[in-house]
Number of protein chains: 2
Amino acid sequence: MALGKDYNGQDCTLSRALELLGERWTLLVVQNAIYGVRRFSDFQKRLDIPKAVLADRLANLTEGGVLERRPYQASPPRYEYVPTEAGVELWPVIYQLGVWGKRHIGGEPPRLFRHAECGGDLLPSTDCVRCGPLHPGDIEMYPGPGPKRDDPVSRAMNRPRRLLEPLVPEAS
Amino acid sequence: MALGKDYNGQDCTLSRALELLGERWTLLVVQNAIYGVRRFSDFQKRLDIPKAVLADRLANLTEGGVLERRPYQASPPRYEYVPTEAGVELWPVIYQLGVWGKRHIGGEPPRLFRHAECGGDLLPSTDCVRCGPLHPGDIEMYPGPGPKRDDPVSRAMNRPRRLLEPLVPEAS
DNA sequence: GCTCCTTGGTTCGGTCAATGAACTCACTGG
DNA sequence: CCAGTGAGTTCATTGACCGAACCAAGGAGC
């Protein structure tokens, strides 16, 4: 999908968005970034994705302005990937696709969402049922009935926490 | 993405949705179905997609309950693909991804949307700015400033028309 | 000072999917 | 009888994805 053989000749803005986001794994990477995953190895633990593919996706998303790559320590240079404003604005798309999957494909969701302030549920639009539109940072994620992965990153993610809050896995 | 090598081990409903919808071309096929494209050859004219891939995507979407394949004539048996209720419910996702692409990747949209009854613009959520939530059938699509394809199907699509209304290309 | 471990990748062969061109088949209209 | 259309299928080539192995730059332990 990436270079050359893209959605050339397509005339809609959707095709341009899909050129960046439509590859395998890409939206799942963005989803986890919004859930608070920051580091290369944590993405890898949670997604079980080949490292070469993950490196490619992170580079594309960084170049596309969805994630920002920034150093979090200097001595061995290490980088983390955080969602930009553009990345955060993908939250409604990601949430709604998840809701659609639950409704039409089935299965229980492993995590649920509510307005952190008032505890209100989210509408399919990501609005709070009581308070209206929410910024993702005001949404709390908490464990639901569905199956959960059992790696350190996923375990950290299954404690109640806000979206965008950096995720720190337990020290193994 | 399709068989076997899927998002196995992923625990979220998003990954299940992407298993059906995340392949190359799939969301563009659904988008065009919502825009009113019905026939195999019309999808092909508008998307410039290899026929083998189009046949595969239509079969997957039909099996996944997003499109319905139904005969529109019997003598040489011919079928058309129409969005199911589940397919129509993908409209907010498709619209929002398009809006995101316009905002963050740029480019002018070839088609715009408004509430057919009152002429009001759409919010990013697909709600009418004046009247609130809309069914896709109440949304009118009309030409915008962006570039347009120049095939018979796209020309028919660039006349003002409602979503979901079957598209009949000019008789060449 | 030496060795092992962790993080964040890169390289590589094998496999799987996408592409475009050619072909099929059942009609239909002239 | 012949060309044309709609809806595909078949096939060889190219590109993408996969998992495993490898690499490099620091620590940590001894």
Side-chain angles (χ1 to χ4, degrees), chain A residues 1-10 18-20 22-26 28-29 37-62 67 69-82 151-153 168-172, chain B residues 1-10 18-20 22-29 37-62 67 69-82 151-153 167-172:
Chain A
M1 193 110 61
L3 313 101
K5 297 298 194 146
D6 37 20
Y7 295 115
N8 233 314
Q10 286 307 305
L18 287 174
E19 206 135 332
L20 174 59
E23 286 173 302
R24 195 154 155 60
W25 296 111
T26 303
L28 291 174
V29 169
V37 178
R38 292 280 178 272
R39 299 190 186 179
F40 190 95
S41 57
D42 288 347
F43 283 107
Q44 223 230 313
K45 286 195 195 76
R46 239 196 77 78
L47 292 173
D48 274 336
I49 174 179
K51 298 169 105 181
V53 177
L54 177 57
D56 177 75
R57 296 302 182 271
L58 289 172
N60 286 348
L61 287 170
T62 303
L67 300 180
R69 179 176 186 259
R70 63 182 181 207
Y72 68 89
Q73 67 177 38
S75 47
R78 291 285 181 267
Y79 298 92
E80 59 180 3
Y81 299 87
V82 283
D151 56 84
V153 182
V168 182
E170 64 219 4
S172 70
Chain B
M1 192 111 62
L3 312 101
K5 297 295 192 148
D6 37 20
Y7 295 115
N8 233 314
Q10 286 307 303
L18 287 174
E19 206 136 329
L20 174 58
E23 286 173 304
R24 194 153 156 60
W25 297 111
T26 304
L27 273 184
L28 290 174
V29 169
V37 179
R38 293 278 178 273
R39 299 188 187 180
F40 189 94
S41 57
D42 288 348
F43 282 108
Q44 223 230 315
K45 287 195 194 78
R46 239 195 78 75
L47 292 172
D48 273 337
I49 174 179
K51 298 169 105 182
V53 177
L54 178 57
D56 177 75
R57 296 302 181 271
L58 288 172
N60 287 347
L61 287 170
T62 302
L67 300 180
R69 181 177 185 258
R70 62 180 182 210
Y72 68 89
Q73 67 178 40
S75 47
R78 291 287 179 265
Y79 299 91
E80 60 179 3
Y81 299 86
V82 283
D151 57 82
V153 182
L167 180 143
V168 181
E170 63 219 2
S172 68

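Just so we're on the same page: letters track the sequence lines, and every chain starts at 1.
For B:Arg70, the salt bridge (Lys or Arg N to Asp or Glu O under 4.0 Å) partners two or more places apart in sequence, or in a different chain, are B:Glu68, B:Glu80. With sequence neighbours left out, A:Arg38 forms a side-chain hydrogen bond (donor to acceptor under 3.5 Å, both in side chains) with no residue at all. Under the side-chain hydrogen bond (donor to acceptor under 3.5 Å, both in side chains) criterion, A:Tyr72 pairs with A:Arg39, not counting sequence neighbours. B:Arg78 pairs by the salt bridge (Lys or Arg N to Asp or Glu O under 4.0 Å) definition with nothing, not counting sequence neighbours.
Taking only side-chain nitrogens and oxygens, B:Arg39 never comes nearer than 4.0 Å to OP1 or OP2 of D:dT5. Listed pair A:Arg24 / C:dA17 fails the phosphate criterion, with no side-chain N or O lying under 4.0 Å from OP1 or OP2. Here B:Tyr81 does not reach the OP1 or OP2 of D:dG6: none of its side-chain N or O atoms lies under 4.0 Å away. Between A:Tyr72 and C:dG8 there is a side-chain N or O to OP1 or OP2 distance below 4.0 Å. OP1 or OP2 of D:dA16 has not a single side-chain nitrogen or oxygen of A:Trp25 nearer than 4.0 Å.
A:Phe43 comes within 4.0 angstrom of nothing in the nucleic acid, heavy atoms only. A:Ala52 comes within contact range of at least one nucleobase, with a heavy-atom separation under 4.0 Å. The residue A:Val53 sits close only to the backbone: its heavy atoms come under 4.0 Å of sugar-phosphate atoms, none of a base.
To the nearest 0.5 Å, atom CG of residue A:Asp151 and atom CG of residue A:Asp48 are 7.5 Å apart. Atom CG of A:Leu54 sits about 9.5 Å away from atom NZ of A:Lys51, to the nearest 0.5 Å.
Computed from coordinates, the A:Leu67 CG to C:dG8 P distance equals 15 Å when rounded to whole Å. As a whole-Å value, the separation of B:Asp56 CG from C:dC16 P is 16 Å. Look at OH on A:Tyr79: it is 18 Å from P on D:dA24, rounded to the nearest Å. Rounding to whole angstrom units, CD of residue A:Gln44 and P of C:dT6 are separated by 14 Å. In this entry the distance linking CD1 of A:Ile49 with C1' of C:dG8 reads 14 Å, nearest Å. Distance A:Asn60 CG to D:dC17 C1': 14 Å, rounded to the nearest Å. Remark: C1' of D:dG15 and CD of A:Glu23 are 12 Å apart, rounded to the nearest angstrom. In this structure, B:Asp42 places its CG atom 15 Å from C1' of D:dG8, rounding to the nearest Å.
A donor-acceptor contact shorter than 3.5 Å is absent between the side chain of B:Arg24 and the backbone of A:Gly22.
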Is there any protein nitrogen or oxygen under 3.5 Å from a nitrogen or oxygen in nucleotides 26-30 of chain D, and what are the pairs?
{"from": "D:dG26", "atom 1": "OP1", "to": "A:Ser75", "atom 2": "O", "distance (Å)": "2.9"}
{"from": "D:dG27", "atom 1": "OP1", "to": "A:Ser75", "atom 2": "OG", "distance (Å)": "3.2"}

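Partner B:Glu23 forms a side-chain contact (heavy atoms from CB on, under 4.5 Å) with one of B:Val29, B:Asn60, B:Leu18 and no other, that one being B:Asn60.
Side-chain atoms of A:Arg78 stay outside donor-acceptor range of the base of C:dG8, with no qualifying N/O pair under 3.5 Å.
Checking B:Phe40 against A:Lys51, the closest nucleotide of DNA chain D that is more toward the 5' end is the one next to B:Phe40.
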